[in-house]
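I have placed the structure first, in the form of structure tokens, so that the comments after it can refer back to it.
Bear in mind that the values here come from a model prediction, so they are computed numbers and not experimental data.
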Amino acid sequence: MQLNPLDFVDETDELYFITGRNDCLTEITQKWVKKYFPMAKLFILDIGAKEIHNFSELQANLKQKIINENQIDVYFEDNPTVFSLLRKLCPNTKIIHYGSRLCL
């Protein structure tokens with residue numbers, strides 16, 4: 001993690017982690033969030049092990065559902081393609097690109 005989420009929230013805010021992890025990383029991710037951010041809500045995307053033609057589009061669609069259902073105000077995204085898609089799919093949320101500098 002390149003940013004400390006606690007630098008951006010106070011006690012009245014809600015903190016969410018929305019991430020895709022394969023099965024071997026799910027448990028360690030859950031333990032990490034519980035240890036360092038016990039107040040946070042963790043959503044691990046169910047992408048499955050199958051080969052996916054447009055992985056970024058799938059991630060964006062799954063993330064936008066969580067973002068919109070939970071009325072998240074601000075969301076940080078490190079994947080530039082997912083970032084661009086989320087900007088269109090989540091008009092009521094400020095989507096901020098941070099991290100990866102790959103070309104769109």
Side-chain angles (χ1 to χ4, degrees):
M1 175 169 288
Q2 298 174 347
L3 289 174
N4 183 349
L6 298 180
D7 291 340
F8 300 93
V9 298
D10 70 20
E11 63 275 350
T12 63
D13 293 326
E14 293 179 283
L15 179 61
Y16 298 85
F17 287 100
I18 306 170
T19 186
R21 293 287 183 260
N22 60 31
D23 290 340
C24 68
L25 295 175
T26 297
E27 186 177 343
I28 195 166
T29 302
Q30 291 168 331
K31 287 179 181 179
W32 181 85
V33 169
K34 185 177 180 181
K35 179 177 180 178
Y36 295 106
F37 304 99
M39 76 301 279
K41 296 177 185 174
L42 173 63
F43 294 92
I44 297 180
L45 303 178
D46 183 14
I47 296 172
K50 58 186 173 248
E51 190 172 319
I52 299 168
H53 175 66
N54 194 338
F55 186 74
S56 293
E57 187 174 320
L58 176 61
Q59 274 195 330
N61 285 321
L62 293 170
K63 287 181 177 185
Q64 72 85 21
K65 183 178 179 187
I66 295 166
I67 291 168
N68 291 331
E69 285 177 356
N70 289 278
Q71 300 176 353
I72 294 174
D73 297 318
V74 179
Y75 183 77
F76 289 85
E77 175 58 49
D78 64 346
N79 180 310
T81 305
V82 175
F83 161 78
S84 294
L85 292 167
L86 287 176
R87 294 284 304 251
K88 297 172 189 167
L89 296 169
C90 303
N92 298 320
T93 301
K94 179 64 178 171
I95 308 295
I96 299 170
H97 179 235
Y98 186 85
S100 172
R101 299 290 177 227
L102 300 174
C103 296
L104 296 174

**Request:** Would you give the length of the straight line joining atom CZ of Phe76 to atom CZ of Phe8, rounded to the nearest 0.5 angstrom?
**Result:** 4.5 Å

**Prompt:** Under a 4.5 Å side-chain heavy-atom rule over Ile, Leu, Val, Met, Phe, Trp and Tyr, are Ile95 and Ile66 clustered together?
**Reply:** yes

**Item:** Spatial distance of atom CD (Glu11) from atom CE (Met39) [nearest 0.5 Å]
**Value:** 11.0 Å

**Asked** Can you tell me if OH on Tyr36 sees more than 12 non-hydrogen neighbours from other groups inside 6.0 Å?
**Response** no

**Asked** How far apart are the C-alpha atoms of Glu77 and Asn79, what are their side-chain angles, what is the distance that settles it, and do they pass the side chain to side chain contact (heavy atoms under 4.5 Å, CB included) test?
**Response** CA-CA 6 Å; Glu77 175 58 49; Asn79 180 310; 3.2 Å; yes

**Asked** Is the centre of the Phe17 ring less than 6.0 Å from the centre of the Phe43 ring?
**Response** no

**Request:** Determine whether the aromatic ring centres of Tyr75 and Tyr16 lie less than 6.0 Å apart.
**Result:** no

**Donor-acceptor contact present, side-chain Asn68 to main-chain Leu89, <3.5 Å** = yes

**Item:** Heavy-atom closest pair, residues Leu85 and Glu57
**Value:** CD1-CA, 3.8 Å

**Message:** Within the 4.5 Å heavy-atom criterion, are Leu42 and Thr19 side-chain neighbours or not?
**Reply:** yes

**Message:** Check for me, please, whether Leu45 and Leu25 land in the same ILVMFWY cluster - side-chain distances under 4.5 Å, paths through other members count.
**Reply:** no

**Asked** Rounded to the nearest 0.5 Å, how far does CG of Leu86 lie from NZ of Lys88?
**Response** 11.0 Å

**Message:** Determine whether Thr93 and Asp73 satisfy the following criterion, side chain to side chain contact (heavy atoms under 4.5 Å, CB included), listing intermediate values before the conclusion.
**Reply:** CA-CA 5 Å; Thr93 301; Asp73 297 318; 5.9 Å; no

**Request:** Apply the test side chain to side chain contact (heavy atoms under 4.5 Å, CB included) to residues Asp10 and Asp13: give CA-CA distance (whole Å), side-chain angles for both, the deciding distance (0.1 Å), then the verdict.
**Result:** CA-CA 6 Å; Asp10 70 20; Asp13 293 326; 3.6 Å; yes

**Message:** Any heavy-atom pair between the side chains of Val33 and Lys41 that's under 4.5 Å?
**Reply:** no

**Request:** Report yes if some heavy atom in the side chain of Ile96 is under 4.5 Å from a heavy atom in the side chain of Val74; otherwise report no.
**Result:** yes

**Arg87 vs His97 side-chain heavy atoms within contact, under 4.5 Å** = no

**Prompt:** Hey, are the side chains of Ser56 and Asn54 touching, using non-hydrogen atoms and a 4.5 Å cut-off?
**Reply:** yes

**Item:** Gln64 to Cys90 - nearest heavy-atom pair and separation
**Value:** CB-SG, 3.5 Å

**Item:** Phe37/Leu6 under side chain to side chain contact (heavy atoms under 4.5 Å, CB included): CA gap, chis, key distance, verdict
**Value:** CA-CA 9 Å; Phe37 304 99; Leu6 298 180; 3.7 Å; yes

**Request:** Could I get the full list of side chain to side chain donor-acceptor pair (under 3.5 Å) partners for Lys65, not counting sequence neighbours?
**Result:** none

